[in-house]
Amino acid sequence: RVVLAYSGGLDTSVILKWLQVTYGCEVVTFTADLGQGEELEPARAKARLNVMTAAWLAPLGFDPPMLTLAIHPGRLTHEFVSRTETFGVSFPTLDIIRAVHKCGVVSGRDHDKFESNGLTPIDPLEIEAPGIEECPAHLECGVLQRITMADHDLFIAQLLTAQADPSYFSDRWIADGELPLAHHVA
């Protein structure tokens, strides 16, 4: 474990990742408000984790791999995706379907959805948003375009990286009764 006192500048963000990757360190940071006010807001926003249950997610193509996600502008996830221009998608199994439902009916502004649903955040590879350890697959996506349609925004994204448990996925989903992915249930 490394304790680091820092100014919070660009050099610090580089050294934090370097310590994690090079030495496998758990890096714990603390930011104190000493009158900086709005200067600390990006750190506060980044410190919040959120989970959104997505009903409107669809593949757009394979070459390059793209998908679209519809999010209402009033949602906390919309705020995060708009700020970072990235998002993650974790694919749940039926054994955590209650957590999936609960994440869809409460706001991350008022609840820590990871803690209250017994979910474990895992470090992403290329984006800020964590994956969910209890899910067998994770996609990390970079937003290419945002289109407003009716009362939602469609975030059109390209796949940046993917991780999957090989017992659930090969070159495509393995959909059988033994491996019940929640998105196969209608």
Please list all pairs passing the ring-ring contact (aromatic ring centres under 6.0 Å, His included) test where one or both residues lie in residues 114-137, with sequence neighbours left out. none
Contacts of type side-chain contact (heavy atoms from CB on, under 4.5 Å), residue H101, not counting sequence neighbours: V105
Contacts satisfying side chain to side chain donor-acceptor pair (under 3.5 Å) that involve residues 155-166 (not counting sequence neighbours) are D165-S167
Heavy-atom distance under 4.5 Å between the side chains of D153 and P73, does that happen here? yes
Donor-acceptor contact below 3.5 Å, side chain E134 vs main chain T120: yes
Nearest 0.5 Å please: distance from the CD atom of E133 over to the CD1 atom of I96. 11.0 Å
Give the cluster check for I132 versus L160: same hydrophobic cluster or not, with ILVMFWY residues linked at side-chain heavy-atom distances below 4.5 Å. no
Which residues satisfy the side-chain contact (heavy atoms from CB on, under 4.5 Å) test with K113, sequence neighbours excluded? N50, V51, C103, V106, N117
Check residues 139-146 and write down every donor-acceptor pair under 3.5 Å in which the side-chain atom is one partner and the other belongs to a residue at least two apart or another chain.
| residue | atom | partner | partner atom | Å |
| --- | --- | --- | --- | --- |
| E140 | OE1 | L125 | N | 3.3 |
| E140 | OE1 | E126 | N | 2.6 |
| E140 | OE1 | I127 | N | 3.3 |
| E140 | OE2 | L125 | N | 2.7 |
| R146 | NH1 | S82 | OG | 2.7 |

Minimal heavy-atom distance between A129 and G88, with the atoms involved, is CB-N, 4.3 Å
Linked, directly or transitively: V81 and L154 (ILVMFWY side chains, under 4.5 Å): no
Review item, side-chain donor-acceptor pairs of residues 52-69, under 3.5 Å, at least two apart:
| residue | atom | partner | partner atom | Å |
| --- | --- | --- | --- | --- |
| T53 | OG1 | V100 | O | 2.5 |
| T53 | OG1 | G104 | N | 3.2 |
| T68 | OG1 | F155 | O | 3.3 |

Closest non-hydrogen atom pair, I71 against H152: C-CD2, 3.5 Å
Please name the pair of heavy atoms, one in P130 and one in P121, separated by the smallest distance, quoted to 0.1 Å. CB-CB, 3.9 Å
Hydrophobic clustering (ILVMFWY, side-chain heavy atoms < 4.5 Å, transitive) - are L159 and V89 grouped together? yes
Which atom names give the shortest non-hydrogen contact between R109 and E79, and what distance separates them? NH1-OE1, 3.1 Å
